[in-house]
Asker: 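One structure is given below, represented as structure tokens, and several questions about it will come after.
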Amino acid sequence: MNPQTLDVRATYLDYFHKNGHKIYPSMPLVPDDASLLFTNAGMVQFKDIFTGKIPTPTPPRATSSQLSMRAGGKHNDLENVGYTARHHTLFEMLGNFSFGDYFKKEAIAFAWEFVTQILGFDKSVLYVTIHESDDEAFELWSAHIEASRIKRMGDKDNFWQMGDSGPCGPCSEIYVDQGAKYFHTSEDYFGGEGDRFLEIWNLVFMQFEQKDGVRTPLPKPSIDTGMGLERVIALLEKKINNFDTSLFAPLMQCIEKLTGLTYYHDDALLDNAMNFDSARLNELRKQIASFRVIADHARSVAFLLAQGVNFDKEGRGYVLRRILRRAVRHGYLLGLKKPFLFEVLDSVCESMGGHYGFLLERKEVIKEQCRNEEERFFETIESGMELFNSALSSLRALQEQSEAIHKDSKQNPNVQHNDVSLKDKPLLFSGEVAFKLYDTYGFPLDLTQDMLRDKNIEVDLVVFEKNMDAQKSRSKASWKGSGDVLKEGDFKELLSAFGENEFIGYDLKQAQQEQSKILALLNGDFKIIEKLGQNEQGWVMLDKTPFYPESGGPVGDKGLLFEAIHKTDSKPLAKVLDTQKYFGLNLSRIEALQNLSVGDKIQAEVDSARFEIMKHHSATHLLHYALRKILGTHIAQAGSLVESNRLRFDFSHPKALSSAELEQIEELVNAQIIKASAQICETMEIEEAKAKGAMALFGEKYGDVVRVITFGDSIELCGGIHVENTAQIGSFYIVKESGVSSGVRRIEAVCGLAAYHYGKSALKEVEMARESLKAQNLQLGIDKLKAQVKELKEKRQKSAPSVHRLNAQNIGEVKLIIAQIENSAQGDIKELIDRAKNENDKVAILLISESSGKIALAAGIKGLDSKGAKLKAGAWVKEVAQILGGGGGGRDDFATAGGKDASKIQEALQKAREIAQNALS
């Protein structure tokens with residue numbers, strides 16, 4: 001065995017596949033589980049099988065290499081990353097699972113054979129742990145390893161449970177002794193906190209069901225195992241730190257190139273410690289920690305972005321932002337003062353894209369998203385660091401002053417003193433400053449804590465939380481959870497009895513002529529019932545259903561249920577209010593208009609709104625194609641909603657779309673509609689579909705055989721409902737383009753009947769304007785219209801070119817503009833400032849306007865170097881506003897204010913100029 005060339009992931013999956021296990025791909029980091037922020041273990045995708053929500057699959061054995069994330073939520077390793085040998089925010093967990101099939105004997109044999117024969121670990125360095133009460137496991141392990149190497153442990157270490165209730169059972173672990181060379185502290189004993197004896201494999205024996213504190217044996221005990229890929233590779237390569245392996249080598253080389261610094265492996269640093277004095281050794285350890293933080297976090301940022309998580313102020317997007325900003329801050333410590341992490345992402349994609357192909361597919365777009373977010377943070381990091389260092393200096397000065405007083409009091413016998421000085425007490429960093437760093441400068445709390453770590457200073461969390469609570473109360477903000485709804489119910493019973501029911505609604509006309517049978521009725525809590533009374537609501541499962549469940553963008557179908565044979569004037573049996581899919585079951589929420597029973601035969605009628613939903617769904621495919629054609633192939637869908645009267649499409653793109661781009665996109669979609677391209681629906685192997693160029697959406701669950709929908713040049717994997725021909729879409733109008741979050745834009749559009757109403761409304765407005773003109777004297781109306789056109793032209797000329805006509809001076813490379821604008825509101829001067837910033841690389845501009853007795857001020861800053869960065873828009877406008885008897889403030893790059901005393905406008909302008917000249921000179 002050569003550990004440098006062994007593909008551990010592939011070897012593991014192949015071994016268990018040969019032993020009857022089905023290989024499951026890694027599920028997305030965003031799980032379909034409301035109780036989890038991220039997928040944090042290999043068993044997450046099998047949780048519903050273990051808990052009995054759904055039946056056991058065939059075969060009842062599984063294996064996977066699961067991407068896992070532990071950053072945020074209950075499982076959070078973020079603060080440890082970089083400072084320990086084994087913690088990661090993102091890692092891969094190799095696992096094999098048995099769902100009531102084999103148990104302890106086979107699981108132990110598999111583990112031992114793989115570790116000793118496949119991976120080639122020497123048996124003399126291996127130990128095993130079992131639960132202290134598990135005599136069965138002891139006997140089974142004794143067939144493989146000496147009894148002296150089997151260690152019994154208590155509940156804390158060797159008993160697993162999913163929660164207070166549910167499956168649980170004892171654990172058994174395999175440990176590797178790394179030897180005493182680098183591990184000789186008092187904690188480096190078996191069971192200690194040291195790293196000498198390192199767990200390599202954990203076997204969970206799901207043996208009991210726990211309820212109300214009582215454990216009863218499960219009828220079909222199961223197996224859940226886990227082996228960390230990063231840890232195994234480190235042990236195989238005889239590295240004492242996961243980050244020193246070949247797995248991370250490309251990332252470390254990239255960071256070395258960016259920083260010009262050297263990354264030292266732990267063993268190399270320990271072997272050469274004598275060559276460094278203590279100060280240099282401490283400096284190198286901090287440098288190494290920063291390398292590791294950047295490398296780890298680059299992997300997390302790359303995978304989260306590639307899997308559709310976007311930077312945000314809440315939920316998963318906020319965790320992503322925290323990870324990026326922690327990495328950027330460590331790059332800043334290494335001397336990187338401009339965006340760099342996006343370049344490390346390139347190495348992540350290249351080194352891991354072989355197994356995770358979506359990294360290579362989305363490499364350019366995730367790099368651009370990363371770079372844009374870095375640029376935003378770098379705009380405030382300097383100011384934030386100034387505030388942090390100032391507060392830290394004040395804290396140290398207070399400590400030194402206290403120490404001096406304490407020392408003086410001890411030396412003066414006439415002065416009473418305390419025996420404990422401030423120096424002996426734990427120092428608390430200002431909670432108010434920590435909150436300001438978070439709220440104003442974008443420093444997450446754990447980033448501030450990280451900066452204080454090596455100084456042994458803690459944040460005053462009481463004050464920080466008080467400020468945070470006050471902010472939440474003011475803004476009425478609420479955190480988003482995982483965004484999913486956890487459903488409990490009799491799903492397993494339905495799947496066991498009937499399997500997944502059949503959707504027959506693609507050919508809608510034919511589907512509505514077929515009869516269906518009520519297989520099951522459920523109440524609002526998804527519990528099986530036999531009957532549903534008149535006016536009661538519940539859920540129905542039909543053997544064959546034409547109702548499309550909400551999926552892939554389109555909302556769920558509505559409609560009616562009739563008797564199997566009915567006349568046109570027959571009264572319906574039930575209203576279908578919505579249709580959803582749970583665990584593969586297509587269920588419709590209904591309101592019974594007459595009594596319904598299981599076994600009743602019915603005829604379903606889908607609401608006519610379905611046809612409009614189909615139009616908008618097909619138009620979404622055409623829009624996706626047009627976006628990629630006009631903006632570039634970096635475009636990737638980031639969300640979709642399709643209703644009968646509109647569509648909403650979110651996509652990855654770094655900036656707002658121009659009017660010209662929107663017009664091009666709208667024209668291209670309509671051109672495809674006019675071509676009257678027929679729908680081509682094909683079923684094929686997924687690899688064949690990808691080879692054909694079909695676009696797949698990450699996070700969607702595709703089987704080995706997929707459905708491919710083609711409209712002209714648009715080719716996508718899609719299980720949804722569509723029109724038969726693009727001509728049926730009618731016309732297409734974009735009604736809005738906006739930003740959703742950093743790097744994600746949104747287009748809202750209408751087509752079909754909604755487009756007709758949209759166009760009719762626009763024509764009505766034009767007609768109303770025309771009638772208004774007719775009501776006036778024609779010549780006066782024409783003259784007035786000409787005057788309005790002239791006024792609008794003059795106003796436009798003042799707004800666009802007026803920036804050039806304002807008095808400006810150049811101070812070095814910076815253009816300084818300070819002026820009074822006549823009769824303009826704050827919105828107008830903001831527009832002028834935006835134009836000045838768009839037209840200049842380096843500019844400082846402050847404008848004052850007085851209109852109807854109201855004074856408005858605004859200031860903007862762009863592109864100033866570190867010297868010019870002394871000029872902050874917020875502080876600048878605030879000081880000037882004081883002269884005018886007003887106040888205000890804002891960000892470093894843009895701020896607004898108001899004033900009361902118009903007689904002092906010239907004095908205020910002069911003051912503004914003095915402040916700027918002093919800062920820029």
Side-chain angles (χ1 to χ4, degrees), residues 28-30 32 302-312 316-317 320 356-369 372 483-484 550-555 613-643 646-657 661-662 665-666 668-669 672 686 689-690 692-702 706-722 729 732 734 736-749 751:
L29 288 169
V30 176
D32 185 19
F303 275 95
L304 286 173
L305 286 174
Q307 294 192 8
V309 179
N310 298 299
F311 298 106
D312 205 345
R316 296 181 179 110
L320 171 59
Y356 298 104
F358 57 83
L359 287 177
L360 294 176
E361 292 171 9
R362 299 207 63 200
K363 182 174 77 170
E364 295 307 318
V365 67
I366 66 175
K367 284 173 61 181
E368 188 159 6
Q369 284 180 272
N372 290 339
D484 304 311
E550 181 175 347
S551 176
V555 296
I613 295 171
M614 291 163 64
K615 292 176 185 178
H616 283 88
H617 191 194
S618 298
T620 300
H621 279 221
L622 302 184
L623 173 61
H624 194 183
Y625 167 76
L627 287 167
R628 290 173 64 88
K629 184 77 173 177
I630 291 168
L631 301 180
T633 54
H634 66 278
I635 296 293
Q637 182 174 334
S640 175
L641 174 67
V642 178
E643 297 178 317
R646 66 167 183 150
L647 69 85
R648 190 182 73 201
F649 189 78
D650 298 345
F651 56 97
S652 54
H653 191 61
K655 58 185 178 181
L657 275 64
E661 287 172 330
L662 288 171
I665 292 164
E666 191 176 82
L668 182 52
V669 172
Q672 294 175 91
I686 189 166
K690 289 181 178 179
K692 187 177 180 178
M695 283 186 288
L697 304 181
F698 192 88
E700 290 291 323
K701 295 179 180 178
Y702 299 110
V706 294
R707 188 167 176 264
V708 179
I709 300 296
T710 302
F711 286 113
D713 295 323
S714 167
I715 310 174
E716 291 196 28
L717 299 183
C718 183
I721 47 175
H722 290 278
I729 297 172
F732 173 90
I734 294 174
K736 186 178 180 182
E737 189 272 345
S738 60
V740 178
S741 61
S742 176
V744 178
R745 307 299 301 176
R746 170 174 291 171
I747 280 180
E748 296 176 54
C751 67

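Numbers here simply count residues along the sequence, with the first being 1.
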Asker: Could you tell me whether a side-chain N or O of R648 sits under 3.5 Å from a main-chain N or O of E748, the two making a donor and an acceptor?
Answerer: no
Asker: When rounded to the nearest 0.5 angstrom, what is the spacing between CD1 in I715 and CD1 in I709?
Answerer: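 Going from CD1 on I715 over to CD1 on I709, the span is 11.5 Å.
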Asker: May I ask you to decide if the ring planes of H617 and H621 are parallel, tilted or perpendicular, using 30° and 60° as cut-offs?
Answerer: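 Judged by the thresholds at 30° and 60°, the geometry between H617 and H621 is perpendicular.
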Asker: Taking the six-membered ring for Trp and the full ring for Phe, Tyr or His, determine whether the centres of Y356 and F303 are under 6.0 Å apart.
Answerer: yes
Asker: Going from CD on E737 to NE2 on H653, what distance comes out if it is rounded to the nearest 0.5 angstrom?
Answerer: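 Rounded to the nearest 0.5 Å, the CD-NE2 separation comes to 8.0 Å.
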Asker: Going through the distances and angles, do I729 and L622 end up as a side-chain contact (heavy atoms from CB on, under 4.5 Å)?
Answerer: CA-CA 11 Å; I729 297 172; L622 302 184; 3.8 Å; yes
Asker: Nearest 0.5 Å please: distance from the CG atom of L641 over to the CG atom of L647.
Answerer: 8.5 Å
Asker: State, to 0.1 Å, how close Q307 and F358 come at their nearest heavy-atom pair, and which atoms those are.
Answerer: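 Answer, listing the atom of Q307 first, then F358: NE2-CZ, 3.4 Å.
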Asker: Begin with the C-alpha distance, continue with both residues' side-chain angles, and end with the deciding distance and a verdict on side-chain contact (heavy atoms from CB on, under 4.5 Å) for L627 and F649.
Answerer: CA-CA 11 Å; L627 287 167; F649 189 78; 3.6 Å; yes
Asker: Taking atom NE2 of H616 and atom CG of L623, what is their separation to the nearest 0.5 Å?
Answerer: 11.5 Å
Asker: Looking at S738, is its backbone amide N or carbonyl O close enough to the side chain of R746 to form a donor-acceptor pair, meaning the two atoms are under 3.5 Å apart?
Answerer: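 Answer holds: no.
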Asker: Determine, stepwise, if the pair H634 / E368 fulfils side chain to side chain donor-acceptor pair (under 3.5 Å).
Answerer: CA-CA 9 Å; H634 66 278; E368 188 159 6; 5.3 Å; no
Asker: Report the distance from atom CD1 of I665 to atom CG of L657, rounding to the nearest 0.5 Å.
Answerer: 4.5 Å
Asker: Under 3.5 Å, is there a donor-acceptor pair between the side chain of R316 and the main chain of L304?
Answerer: no
